[in-house]
Structures are given as C-alpha cells and as structure tokens.
Amino acid sequence: MLQELERRDQTGKASTPPVPAVRAKRDPVDQAPSATPPATTTASLGTTVENCGLFEEFEPKAIGMTYTFEAPADGEPFSLPVRFEGRRTDVSGEPTAADRFSLVETVDPVLPGTGRLTLTRRVENLAPGEWTVSAWPVPESGSPAGRPLPARAEASGITGFAPIIRVRAPGVRLGAWPGMVALGAVVALTVLGLLAARAGFPVVPVLLLAFVACLVGILGARLYYRAEQLFRRRTGAGVQGMCIQGFVLAAVGTVVVGAIPLGVPLGGLLDATAPGLLFGMAIGRVGCFLGGCCAGRPTRSRFGLWSSDRRLGVRRIPTQLVESVTALIVGLVALLVVSVSAPVPAGGVFAAAMAAFVLGRQLVFPLRAMARNTSYGRLLATAVSLVVLIGVVAATVLG
C-alpha cells in the first residue's frame, strides 16, 4: 500500500490549463544515473505493495513507486523529468536485467500553485523480492536557473502481483469503482421496480429483463471502449476500461427486444427505466472519481479537488462529480415527470432524459484530461441531443 499518502487531505483548487501528460522512456539499466540536482524543496518516495497474501505467489511481479513533491507557489508551467532507479537487495548470484531498472518519467507541465503532486510509476516483470528504489528530478537543458527543484528520495519495498499494483496510487480506492457501479445497479433496479408496479407492468419479468440488460450493457461498455481506443492503441495506450455510451446502447437495446415477448408497452417501459438508469450512472460516476478513471484536467482553481488518474495525483477539475450531479438532476426531473403522469408522448421522458444527459456530457468532455480523438463526434452528439430535446418538448406542448 502507498505509505502515508492516502491519509492526507485531498481537496484543493483548479482552472483549465494544458493537460499534464506523463510520458515515459526506459533507459538501459547499465546507463550511469544523471547527477542529482541541488535539493531546494522537500520530497518523498513511497512504494506500493499489495496487501493480500492470496496473490503472493502470482506472476507477473511489479513494484509501484510514488514520488511526492510540492509545485512552486508561482511562476510559469514547466516540464519536470524524474528519474526512477531500483535494485533488488536480496539477490543471490550475478544480478540480471530483472534485478534492476532505470527510467525517466516526465510531468509536463507542472502547474505552479497546484500544491502537492504525486507521480506514480510501475515497473513490471521484475524478479520477486525486496527492492531499494530512488527518485530525483533531472533538469532539462534550457531550464531557467534558480528554479526550486524537489529533493532526491529513497525507499524500500517488495514486489507484488502486477494487476493489483497497476491500480494502486494515492487517492485511488481499490474496489471503489466496481462497488459503486454495483450499488448504482441496485438503486436503478429498485426504482424501476417501483415505477413498473405503479404503471401496472409485471414487476418480476420486468426486473429480470432489466438485470439481463445490465449484464449485456457491461459487455457493450467494454466493446465500445475497445473500439474507441483503436486509434490510441497505436500510440501505446491500453485498452482496459469501459464506456458508459456502450452500456446505455447495449442495455437499452436489450430492453427494446425484451419488451416484445413480455407484452409491455415499449414507450412506457422506457420511461419507467429512465430515472433509475440515471440514478445508477450518478452513483457510478462517484466510483470513477474514487477509482482514478475519467479524470479531469489539472487546475489551479479553488474549485478543484485533489484526485488521481492513477499516474499523476494533483488538483483537478472533478469532471466525474460534475457528470454525477448532471445525471442526478436529470434523473430527478424524469422521476417527477413520470410520477405526475405528465402528458408526454410515450417514450418521450426516456428520449428527453437521455438527450439532456448526453448534452451535459458533451459540455464536460473538454474538461477531461484525456483528449478526444475528434471534435466532430462531440459536435454531432450535441446537435442530435438538442434536436431530440426540442422535439420532445414541442410534441408535449403541441399535444
């Protein structure tokens, strides 16, 4: 587990400057380390360990390191390369390449005024055992003279099961995302059950259909994410993750198909589904914030919150929480409209609610740290959402 870091206060400030990107290169292990720069500010280094003996014998092995330092109080953004080096201390015999490493990880840029930063780096396929690791900044040529730099720091730790080490970082709660998603599913099914009973639909068949739709939605979310990442895969990005658009498309498609054999009016069933679906997404987005995914841009604004994308912990725009509040508000409005039996065309509540939520997402996307593949998709989604929303309102008003 990361030493000391997760017990600290994780609130901060924020604005929307450039996206700090973390880029890495692996140097030959025989390369001599760069000279340590003069230390002018404090820094610390911690190692990540898995805390479950169940995985102690599993391969591959990895070690996670987190270098913690303070951003300068003022000045211009700058790039800060940090060198990580490590060696296994319980080696018997001649050391191999799996017994040591040397690499550089760059925070680009460091934003003055953002307070505490944590840079986490994992190294995999190492020999299991005890390790001594160190980290220090490596000034780039052309850097302004006299800028305070963090100090060199050292730590010791042991290797752990790589899949667990990959998701551990300061500010990241292990299991938060699946736990909150599961809670969101329970809330969604509960709300649907109450609304289905109120509408006179067969509650048990409807809930079974919704449960199956959730399972299919998970598969759809995974496939949608993989398809969306095809371009980024060529640049070295991974394909681990899910996408809410894929979940909604797959789950709603399953409900549409399943409504036919149940003999339930499709429009009414979709309207009853909308509030719970949005409440579930609102809860799930809190899991994203705690789990380190869909992170917002680093910012100096006072409205930022300290959070991590599993690599860089810094004050960020809390995009996950903004999206959560958006889903909650739209869900409450949908619940109110369904509960008072407003004269909205069948299926209109669902269509308007989804359009409003998608529109809100498009406004949040530019605040995320991850760049979009293209701006055209966002413009198209915004236009379609507005057309659907205006159409439903017009149909309701005109009767």
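In this chain, numbering begins with 1 at the start of the sequence shown.
With hydrophobic clusters built from ILVMFWY side chains whose heavy atoms lie under 4.5 angstrom apart, Val252 shares a cluster with Leu192. Taking hydrophobic clusters as Ile, Leu, Val, Met, Phe, Trp and Tyr residues chained together by side-chain heavy-atom distances below 4.5 Å, Leu183 shares a cluster with Leu332. Hydrophobic clustering of Ile, Leu, Val, Met, Phe, Trp and Tyr side chains at less than 4.5 Å, counting indirect connections, unites Val107 with Leu103. If you chain together hydrophobic residues whose side chains sit under 4.5 Å apart, Leu321 and Leu290 fall into the same group. The hydrophobic cluster containing Leu262 also contains Val256, counting ILVMFWY residues as joined when their side-chain heavy atoms lie under 4.5 angstrom apart, directly or transitively.
Within the 4.5 Å cutoff, no side-chain heavy atoms of Ser307 are placed close to those of Val172. Counting heavy atoms from C-beta outward, Leu149 and Thr41 have side chains that stay 4.5 Å or more apart. Looking at Phe350 and Leu269, their side chains never come closer than 4.5 Å, going by heavy atoms from C-beta outward. Taking 4.5 Å as the limit, some side-chain heavy atom of Glu105 sits within range of a side-chain heavy atom of Leu119. When side chains are defined from C-beta on, Ser44 does not count as touching Phe69, because their heavy atoms never get closer than 4.5 Å. A 4.5 Å side-chain heavy-atom check between Ser324 and Met180 finds every atom pair outside the cut-off. Residues Pro137 and Tyr67 form a side-chain contact, since some pair of their non-hydrogen atoms from C-beta on lies under 4.5 Å apart. You'll find the side chain of Val167 reaches within 4.5 Å of the side chain of Leu174, heavy atoms only.
Of the N and O atoms on the side chains of Thr66 and Thr120, at least one donor lies less than 3.5 Å from an acceptor on the other residue. Judged purely by distance below 3.5 Å, without hydrogens or angles, the side chains of Glu85 and Ser102 pair a donor atom with an acceptor atom.
Side-chain atoms of Thr118 do not come within 3.5 Å of backbone N or O of Thr68 as any donor-acceptor pair. Here the side chain of Arg87 pairs no donor or acceptor atom with the backbone of Asp99 at under 3.5 angstrom. Under a 3.5 Å cut-off, the side chain of Trp131 and the backbone N or O of Ala127 do form a donor-acceptor pair. A donor-acceptor contact shorter than 3.5 Å is absent between the side chain of Thr106 and the backbone of Asp108. Not a single donor-acceptor pair under 3.5 Å links the side chain of Arg361 to the backbone N or O of Ala356. The closest donor-acceptor contact from the side chain of Thr159 to the backbone of Gly129 lies under 3.5 Å. Glu154 places no side-chain N or O within 3.5 Å of a backbone atom of Ala135 that could act as its donor or acceptor partner. Side-chain N or O atoms of Arg122 include one that pairs as donor or acceptor with a backbone N or O of Arg168 at under 3.5 Å. In this structure, the side chain of Ser385 does not engage the main chain of Val358 through any donor-acceptor pair within 3.5 Å. Within the 3.5 Å criterion, the main-chain N or O of Val349 finds a donor-acceptor partner in the side chain of Asp271.
Put simply, CG on Leu195 and OG1 on Thr273 are 9.0 Å apart, with the number rounded to the nearest 0.5 Å. Atom CD of Glu130 and atom OG1 of Thr89 lie 5.0 Å apart (nearest 0.5 Å). Put simply, CG on Leu126 and CZ on Arg100 are 12.5 Å apart, with the number rounded to the nearest 0.5 Å. To the nearest 0.5 Å, the span separating CG on Leu305 from CD on Gln320 amounts to 9.5 Å. Distance check, rounded to the nearest 0.5 Å: CD1 of Ile244 to CZ of Phe357 gives 6.0 Å. Note that the CG atom of Leu249 and the CE atom of Met354 stand 11.0 Å from one another [nearest 0.5 Å].
Across all their heavy atoms, Gly276 and Ala188 have their closest contact at O-CB, 3.1 Å. Between Arg316 and Ala369 the shortest heavy-atom distance is NH1-CB, 3.9 Å. The two residues Ala334 and Ala353 come nearest to each other via the heavy atoms CB-CB, 4.2 Å. For the pair Pro81 and Val104, the tightest heavy-atom approach, listed with the atom from each and the gap, is CB-CG1, 3.9 Å. Ala71 and Thr114 make their closest contact through CB-OG1, 3.6 Å (heavy atoms, listed as atom of the first residue, atom of the second, distance). Nearest heavy-atom pair across Ala250 and Gly220 is CB-CA, 3.8 Å.
Partners of Asn125 by side chain to side chain donor-acceptor pair (under 3.5 Å), not counting sequence neighbours: none found.
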Review item, side-chain donor-acceptor pairs of residues 277-289, under 3.5 Å, at least two apart:
unit_1	atom_1	unit_2	atom_2	d
Arg285	NE	Glu323	OE2	2.9
Arg285	NH2	Glu323	OE2	3.1

Does Glu124 form a salt bridge (charged side-chain N to carboxylate O under 4.0 Å, His left out) with Arg166? I'd like the steps, not just the answer. CA-CA 9 Å; Glu124 299 188 15; Arg166 289 177 199 143; 2.7 Å; yes

Criterion side chain to side chain contact (heavy atoms under 4.5 Å, CB included) on Val82 and Leu80, from CA distance to verdict: CA-CA 6 Å; Val82 177; Leu80 183 67; 4.2 Å; yes

Verdict with supporting geometry, Thr254 and Val212, side chain to side chain contact (heavy atoms under 4.5 Å, CB included): CA-CA 8 Å; Thr254 303; Val212 172; 4.2 Å; yes

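Within 6.0 Å of atom CD in Glu76, 12 or fewer heavy atoms from other residues, nucleotides or ligands are found, so the atom counts as exposed in its surroundings.
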